[in-house]
Amino acid sequence: MTTTPSPRIYLDHAATTPVEPSVLEVMLPFLQGQFGNPSSLHFWGREARKALQAARDSVAKTLHCQPSEIIFTSGATEANNLALVGVAEVLKAKGRHIITTQIEHAAVQAPCQWLEAHGWEVTWLPVDSEGFVSVASVLEALRPDTVLVSIIHGNNEIGTLQDIQAIGEALKSRSGSQNALLHVDAVQTVGKLPLDLSTLPVDYLSLSGHKVYGPKGVGALFIRDGAPLPASQIRGGGQEADVRSGTENLAGIVGLAKALEIAQERMGADLPRLRTLQKGLIEVIRAAALEAVLNGPEDLNARVPGNVHFSFPGVEGEGMVLHLDLKGIAASSGSACHSAVIEPSRIVKALGKSDSLAKGTVRFSLGRGNTEADLQRVSEVLPAIYARLSLSGAEKSGIKS
Ligand SMILES: *Cc1c(COP(=O)(O)O)cnc(C)c1O
């Protein structure tokens, strides 16, 4: 009998993170007295415009780019849509071929599918058993009509980090008609790993506020000076260099800038801490469930910091997430249940793994609030949950056969 409820443990930082208190503090004035519209001519407008410019300067400083290269959006879904559909549209006379991977976030996958349905051709690059895209496969896929390559930096599910530096350099080394532009979804790595846009050879890069202890509903698209401006996907007042109309979410933008500054300041301490917890959690899960299979790279340095992703054979990932939740542990599963049928994770399938492994996936993503005590708690509750679910899984398949 449990008498004292255990505290809840949040292990889903890849889904979203809490707003850092000092971020909330800098946002509040813009939801209160400093409510001006940055486009207005009067005092309130000027104050708002100054704050917007300061936030843009700050984001540019943390990412090592120019303020004019930052377009604020409603989040990374919008930034990705703008980069893909917007760039495809302005370059359609040049070519209608796009290259991406089989392990993109839905916010890249879905716009690419939309383009496919509207006259563009998309090459979906395969990945190896740990989720890596080879530079050679990118180059082989290039055609004279390729306009854009879009590759996720850190995979949100299995954590694989792609070598964007090498891919970007290889693309730039192709001259003449094959100068395809490079877009990167860096949502899972911005603020966690060093990022220097003055040396990283990318043309477009997407990021999101709520994955870096900032607010939800705000993000940005970096557009390198000289790269084509994407065609606006929202028609209206012409804000954000006429690329993204709509009154700016000033409180959100100010919060995003502060969150990125803090992440930059804390990186030296946060990164090794997260790596230690990540290594510890992998060991705890392997000890708790001997058959569990780690998805993504074995080499921790090639994973998104804090990402831990396992397949539990014979178990439904969603069931495990629900049982963990009953014990106060928040995790996530890439294998969603649609009308009582468990869909295998398309990302784990892309690694070449079986349906059984692709259905039994659970992602644990660590963050600033986690401690060693949280790992201890996982080691206490996981063995019983795993034993119970794998037993009922075996019974189910026994009935079927
Ligand atoms: C969360 C996430 C997104 C979407 O970001 P939003 O700001 O929630 O729209 C895109 N790509 C990746 C890799 C993500 O993890």
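No hydrogens, no waters, no symmetry mates; every other heavy atom, side chains included, goes into these values. As the structure lists them, so they are numbered: ligands from 1, and atoms in each ligand from 1. Quick note: residue numbers are just sequence positions, from 1.
- Because its NZ or CZ atom is not both nearer than 6.0 Å to the ring centre of Tyr204 and within 45° of the ring axis, Arg224 does not count as a cation-pi partner of that residue.
- Residues that satisfy the side-chain contact (heavy atoms from CB on, under 4.5 Å) test with Glu298, not counting sequence neighbours, are Glu130, Arg286, Leu294.
- The shortest N or O to N or O distance between Gln188 and ligand 1 is below 3.5 Å.
- Residues Glu104 and Thr101 bring a donor and an acceptor atom of their side chains to less than 3.5 Å of each other.
- Among protein heavy atoms, the minimum distance from atom 2 (C) of ligand 1 is reached at Lys211 NZ, 2.6 Å.
- Taking the six-membered ring for Trp and the full ring otherwise, the centers of Tyr386 and Phe312 sit less than 6.0 Å from each other.
- The shortest N or O to N or O distance between Val218 and ligand 1 is not below 3.5 Å.
- A salt bridge links Asp12 to Arg363: one of the charged nitrogens lies within less than 4.0 Å of a carboxylate oxygen.
- The protein heavy atom nearest to atom 11 (N) of ligand 1 is Asp185 OD2, 2.7 Å.
- The atoms of ligand 1 that sit less than 4.0 Å from any heavy atom of Ile152 are 13 (C).
- Scanning all heavy atoms of the two residues, the minimum distance from Asn307 to Asn156 falls at ND2-O, 4.1 Å.
- Heavy-atom proximity to Val187, at under 4.0 Å, picks out these atoms of ligand 1: 2 (C), 10 (C), 11 (N), 12 (C), 13 (C), 14 (C), 15 (O).
- Which parts of ligand 1 touch Gly75 is read off a 4.0 Å heavy-atom cut-off, strictly below it: atoms 7 (O).
- Sorted by first then second residue, the side-chain hydrogen bond (donor to acceptor under 3.5 Å, both in side chains) pairs that include residues 61-76, not counting sequence neighbours, are Ser74-Glu78.
- Nearest non-hydrogen protein atom to atom 12 (C) of ligand 1 is His105 CD2, 3.3 Å.
- Close contacts between ligand 1 and His210 involve ligand atoms 6 (P), 7 (O), 8 (O) [criterion: under 4.0 Å to a heavy atom].
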Kindly indicate, with the supporting measurements, whether the criterion salt bridge (Lys or Arg N to Asp or Glu O under 4.0 Å) is fulfilled by Lys94 and Asp145. CA-CA 7 Å; Lys94 185 171 178 277; Asp145 61 341; over 6 Å; no

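- Atom 7 (O) of ligand 1 has as its closest protein heavy atom Ser208 OG, 2.7 Å.
- Closest to atom 4 (C) of ligand 1, if we only count protein heavy atoms, is Thr77 OG1, 3.5 Å.
- Of the listed residues (Ala76, Ser206, Ala186), the one carrying the non-hydrogen atom nearest atom 6 (P) of ligand 1 is Ala76.
- Taken to the nearest 0.5 Å, the CG atom of Leu193 stands 6.0 Å off from the OG1 atom of Thr189.
- Residue contacts with ligand 1 leave out Glu78, since none of its heavy atoms falls under 4.0 Å from the ligand.
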